[in-house]
Structures are given as structure tokens and as C-alpha cells.
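Here is the structure we will look at.
The analysis underlying the following values was restricted to heavy atoms, covering all of them including side chains, and did not include hydrogens, waters or symmetry mates.
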Amino acid sequence: MIKVVTSAERHTSNRPWIHSEFSFSFADYDDPSNAHFGALLAHNDNELRPQQGMHEHPHHDLEIITYVISGVLRHQDDLGNQADLQAGTVQTMSAGTGINHSEINPSESDNVRFLQIWLLPRSPGLTPKWDAKFYPHEFRTNTLLPVASGTGEEGALTVNENATIYLSLLDTNRVLHYQQQEDRRTHIFLISGNVEISCADGEFQLQPGDAARIRKDCDLTIKGTSSEGQAELVLIDLP
């Protein structure tokens, strides 16, 4: 079963310092019927304005994955980690028993756009940890590249949940195949460009900001349909 959630159906939060599109209940958006998709609790598309940010704040018992789409995001936490995350970088943060961190846009002129994904951990009370890795453009082209995983995917950062996050840059008319399992969930989010997804349920056209939530067995195909350039997408395999 495929359910398409269009970009317009997301909740828009527009503040002077940050623009966000929330796919699930978050902050001032409270919708009990759209609180999560399996272990996926949050999927926020954020654009942080120059010299602005989220100053130090706490988290606990969450797996937080950040993907920088454009610009630079500066991270700092009370574990002693500091990093300027460039576009193409994925960051993982296991909040566990508690972590304080800040996220700032250090640029004086350019916005930074980043996705932030929250997953439930396998169990509460884990030891907090942080990691980050840059994934070059060519590694993500015309493939589903695992970038964060709790199942030991080679080259992926580790998360404490039975889930895997993939990134892809898909050329026009190129096709990816993904076998959706009966007992799993798949969340696809289109960052830019256009794709067509299909299985026994039919064919669905996705535009930037659209998402597909997929359940039950499905021999899924994803085809790039952009009129120019590549389509960029995130696919999340979930319990």
C-alpha cells in the first residue's frame, strides 16, 4: 500500500530565523493522527537563515539524523564535538541518557537547508554519542546509498534502531528497484526533481517536498522523471 503525502499537506512553520516543513506532529503542530510512521517520529525540512540557529538545548532517548542539503550547519555538543557540516554530510546523534547541542548557520549571507529525522531507539538509556560523514555526489548517483543504519550496512553511520536511511541522486529515465518487505515500512521523501514510483498499487508521480509511505510487500520501482538535472531523494527502511 502506497500513501502519497504532498508537499502542501505538510505543516509549515515560518519564523523570522527559520522556515520548516513538518511531515509529522512537531513543536506547534499537534495532530494525533499524524504522530509517527512506525519508528519514524519526525521528518523536518528546515531552512535556517544566516547567523541564526538553535542554541544549546537537550535531547534524550532519540536517534537524530541530520542531512545537510545546501549551505553549512555548525554543530556543537556537550560531549566535546564541534563540526561545520558541509552539504552532502550526514550527522548521527544518539541522545540516549541525555545530550545538549546547538545548531547554527555560520554564514553571513547564505541559508542552510537540512533534513532532520528522529527515530525511536531500540531501547532507552543508551550512552550518548555523535558522528558525521561526508558522502560525495558520485557515491549517491543512480543508486540507493546507505548512509545511516542499525543493521550493519557497510559504509553507513550507526544508529540504534533496526532502520536504514538511503540517499540517492537519480538521473532522468534511470530506474532503481527496492523490495519492500511485508513486515517493514518505507518512507520516501523527494528533496528535488521529479520521480515516478510504482508497484502493484499503481504509478505515482512525486514532486519536490512530496513523500510516499509504503507498507506491506511491494516490488517498488523508482524512476527519475526530471525534465532537467537529477532528482534527489531519501528512502528510509523502518520497522
Side-chain angles (χ1 to χ4, degrees), residues 20 22-26 35-46 54 57-69 73-83 85-103 113-136 139-140 143-169 178-181 183-189 191 211-215 232-239:
S20 299
F22 300 148
S23 294
F24 300 95
S25 288
F26 193 88
H36 65 97
F37 183 55
L40 179 59
L41 298 181
H43 189 285
N44 300 341
D45 186 354
N46 299 312
M54 285 78 76
H57 58 282
H59 294 287
H60 68 89
D61 291 329
L62 286 171
E63 299 295 301
I64 301 173
I65 301 95
T66 302
Y67 171 53
V68 182
I69 299 167
L73 185 67
R74 177 168 293 166
H75 166 90
Q76 185 169 342
D77 63 48
D78 61 359
L79 301 180
N81 299 298
Q82 299 182 52
L85 308 173
Q86 311 290 324
T89 300
V90 176
Q91 171 188 270
T92 55
M93 190 168 64
S94 295
T97 54
I99 190 170
N100 292 289
H101 78 126
S102 61
E103 295 161 309
R113 183 184 175 194
F114 61 99
L115 299 182
Q116 194 157 93
I117 296 161
W118 289 10
L119 301 175
L120 281 172
R122 282 195 181 97
S123 57
L126 299 171
T127 301
K129 66 176 185 176
W130 174 92
D131 204 353
K133 187 174 182 178
F134 172 73
Y135 292 94
F139 287 16
R140 297 176 270 138
T143 189
L144 288 169
L145 179 70
V147 296
S149 178
T151 60
E153 293 279 357
E154 185 177 355
L157 298 166
T158 300
V159 292
N160 292 302
E161 177 53 279
N162 182 19
T164 300
I165 297 175
Y166 300 87
L167 294 177
S168 182
L169 290 163
Y178 183 80
Q179 184 60 52
Q180 162 74 27
Q181 301 298 319
D183 60 344
R184 303 289 290 178
R185 297 173 175 86
T186 300
H187 185 270
I188 297 173
F189 176 76
I191 296 170
R213 302 177 190 179
I214 306 165
R215 297 191 64 177
E232 184 172 15
L233 61 94
V234 178
L235 185 150
I236 310 174
D237 170 62
L238 295 154

By ring-ring contact (aromatic ring centres under 6.0 Å, His included), Y67 pairs with (sequence neighbours left out) none
Hits for ring-ring contact (aromatic ring centres under 6.0 Å, His included) against F24, two or more places apart or cross-chain, chain-then-number order -> H187
Rounding to 0.5 Å, atoms CG (L62) and CD (E161) come to a distance of 11.5 Å
CG (L238) and CG (L119) are apart, to the nearest 0.5 Å, by 6.5 Å
What residues, two or more places apart in sequence or in another chain, satisfy side chain to side chain donor-acceptor pair (under 3.5 Å) together with [X]?
{"X": "Q179", "result": "D217"}
{"X": "D61", "result": "none"}
{"X": "D78", "result": "N100"}
{"X": "T164", "result": "S149, T151"}

Q) What pairs of residues pass the salt bridge (Lys or Arg N to Asp or Glu O under 4.0 Å) test when at least one of them lies in residues 146-159, not counting sequence neighbours? A)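 Passing the test, one end in residues 146-159: no pairs.
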query = Does CZ belonging to F139 count more than 12 external heavy atoms closer than 6.0 Å?
reply = no
Decide yes or no on side chain to side chain contact (heavy atoms under 4.5 Å, CB included) for I188 and Y178, but give the supporting numbers first.
CA-CA 11 Å; I188 297 173; Y178 183 80; over 6 Å; no
The side-chain contact (heavy atoms from CB on, under 4.5 Å) partner of I65 among L115, L157, I236, V159 is V159
(message) Which label fits H59 and H57: parallel for a plane angle under 30°, tilted from 30 to 60°, or perpendicular past 60°?
(response)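 Perpendicular.
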Quiz item: Is it true that a side-chain atom of D77 and a backbone atom of L79 form a donor plus acceptor pair closer than 3.5 Å?
Solution: yes
Can you name the residues that form a salt bridge (charged side-chain N to carboxylate O under 4.0 Å, His left out) with [X], not counting sequence neighbours?
{"X": "R213", "answer": "none"}
{"X": "R185", "answer": "none"}
{"X": "R184", "answer": "D237"}
{"X": "E232", "answer": "R140"}

What pairs of donor and acceptor atoms, side-chain ones from residues 122-132 against any protein atom, are under 3.5 angstrom apart with sequence neighbours left out?
residue: R122; atom: NH2; partner: G150; partner atom: O; Å: 2.5
residue: W130; atom: NE1; partner: H75; partner atom: NE2; Å: 3.2
residue: W130; atom: NE1; partner: Q91; partner atom: OE1; Å: 2.9

Correct closest heavy-atom pair for Y166 and L144 would be CD2-O, 3.6 Å
On a heavy-atom basis, the closest approach of A42 and F26 is CB-CD1, 3.9 Å
**Study point:** Verdict with reasoning, V90 to L167, per side chain to side chain contact (heavy atoms under 4.5 Å, CB included)
**Key:** CA-CA 10 Å; V90 176; L167 294 177; 4.0 Å; yes
Verdict with supporting geometry, I117 and L40, side chain to side chain contact (heavy atoms under 4.5 Å, CB included) | CA-CA 7 Å; I117 296 161; L40 179 59; 3.5 Å; yes
